[in-house]
Amino acid sequence: MWTKGRCPHPCSASPAQHRLAFSRAPGSHLPVSSRFPLVLSFTEAMLRLRLLTWDVKDTLLRLRQPVGESYAAEARAHGVRVQPEALGRSFREAYGAQSRRFPNYGRGQGLSSQQWWVDVVKQTFRLSGVHEDGVLTLMAEKLYRDFCSAHNWEALPGASETLSHGCQRGFRMGVVSNFDNRLENVLSQCNLRHHFEFVLTSEDVGFAKPDRRIFEKALHLSGVLPEQAAHVGDSYTRDYRAARAVGMHSFLLRAAGQGEEPEVPPEHVLPTLTHLLALIEKG
């Protein structure tokens, strides 16, 4: 499901937008002599750009503390002592196994995302030596609820400012995320939901990034052409490359020291979200 909540600003490109250059995404009619798109003029690029879509986890929102810390705190509340580091390792193992067995929260196999996550939490504790079923159920259900709120999530630096400024500049905004159906509430709790015209999660749509169909759904909902849209995310495969595969522009959020992707031109890399803001404002 997607919920429409239009940005209160008009969808027309401002003079500042016309000064922002985006390179043409793959799939355009211009010949490409290398793997990288050609650069459009400022005016041509901005006449096309109308929509910004956003990844969420580690792009706009991040966990306030490591998963192992949150799980250990919940365990202590039930009189169970487990080291956070052990829980962190166990979580990665349990999450990976569950994702392989039941992709996209088990949507295609009859699971709800709540049951999917409850099973992950229980298995995380089992792998860490906790086996009492009654306690496991209580902890798993409580943690599922806790991760639906701002108690465990916070906006990345510059997220709210960048989204507000983009909206003020007339960009339509949407979310394209491999999240479950708690995302609407998480965004609302973190005071970000009002920026977006629609929120697409992989659970609701039935396709997870890098599947092109979730991006095509976003383009269909907004009624814009691929070259009129840009996607921002922190994953080279699921965000940057996947968006460009459908003909969209894209930016890769990659902090200094995280390593470099050789196939990403430097001008497509955002060290912080406010670098996108600077691109919009510069002139």
Side-chain angles (χ1 to χ4, degrees), residues 1-17 20 22 46 48-64 147-205 209 214-215 217-224 226 228-235 238-240 242-243 248-253 270-282:
M1 297 258 325
W2 64 279
T3 303
K4 203 165 187 177
R6 283 189 178 275
C7 173
H9 306 288
C11 298
S12 59
S14 69
Q17 285 177 296
L20 172 60
F22 287 84
M46 286 304 95
R48 292 172 180 267
L49 194 64
R50 290 291 179 269
L51 173 71
L52 290 176
T53 62
W54 300 82
D55 174 52
V56 174
K57 186 178 182 297
D58 296 325
T59 297
L60 296 175
L61 296 178
R62 66 187 177 191
L63 292 173
R64 291 184 180 273
F147 277 87
C148 189
S149 72
H151 176 73
N152 278 304
W153 296 97
E154 64 181 0
L156 265 73
S160 183
E161 178 187 10
T162 301
L163 293 172
S164 294
H165 198 86
C167 213
Q168 291 165 4
R169 288 294 183 268
F171 288 111
R172 297 170 67 183
M173 311 277 266
V175 164
V176 177
S177 172
N178 286 357
F179 216 98
D180 59 64
N181 60 16
R182 292 175 293 178
L183 184 56
E184 289 267 4
N185 192 56
V186 171
L187 289 169
S188 295
Q189 291 263 328
C190 295
N191 199 32
L192 296 182
R193 175 62 184 88
H194 62 283
H195 294 296
F196 302 112
E197 183 176 325
F198 59 84
V199 173
L200 291 179
T201 67
S202 61
E203 182 184 8
D204 286 333
V205 176
K209 297 179 297 183
I214 193 169
F215 291 99
K217 179 71 170 178
L219 294 170
H220 176 74
L221 288 178
S222 57
V224 304
Q228 295 175 314
H231 180 72
V232 182
D234 71 306
S235 169
R238 294 186 299 273
D239 294 307
Y240 180 82
M248 295 172 64
H249 306 282
S250 57
F251 289 98
L252 183 65
L253 184 65
L270 302 174
T272 69
L273 288 173
T274 53
H275 279 72
L276 180 62
L277 186 66
L279 284 175
I280 294 172
E281 289 181 331
K282 81 175 182 179

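Source: prediction; values computed, not measured.
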Sequence neighbours excluded, the answer for side-chain hydrogen bond (donor to acceptor under 3.5 Å, both in side chains) partners of Asp55 is Thr59, Lys209
To the nearest 0.5 Å, atom NE2 of His220 lies from atom CZ of Phe198 at 11.0 Å
Heavy-atom closest pair (Ala218 atom, Val176 atom, distance to 0.1 Å) is CB-CG2, 3.8 Å
- prompt: For the side chain of Arg182 and the backbone of Asn185, is there at least one donor-acceptor N/O pair under 3.5 Å apart?
  reply: no
Margin query: Whether the His231 and Thr53 side chains hold a donor-acceptor pair (N or O, under 3.5 Å, no angle test) is what I'd like checked.
Written below: yes
Please verify the inter-ring angle class for Trp153 with Phe179; under 30° counts as parallel, over 60° as perpendicular, anything in between as tilted. tilted
| said: Do Thr162 and His165 pair up side chain to side chain, a donor and an acceptor below 3.5 Å, judged on atom types alone? | reply: no
So, Asn178 side chain and Ser202 main chain: donor-acceptor pair closer than 3.5 Å or not? no
Review point. Counting distance only, does the side-chain N/O of Arg172 pair as donor-acceptor with the main-chain N or O of Ala229 below 3.5 Å?
Key: no
Value for CD (Glu154) from CD (Gln189), rounded to nearest 0.5 Å, stands at 14.5 Å
Shortest non-hydrogen pair, Arg50 vs Val224, comes out as CB-CG1, 4.1 Å
Heavy-atom nearest pair, Ala150 first then Arg64, reads O-NE, 2.8 Å
Nearest heavy-atom contact between Leu192 and Leu163 is CD2-CD1, 4.0 Å
Those residues at least two apart in sequence (or on a different chain) that pass side-chain contact (heavy atoms from CB on, under 4.5 Å) with Asn191 are His194
Closest non-hydrogen contact found for Leu253 with Leu273 is CD1-N, 3.8 Å
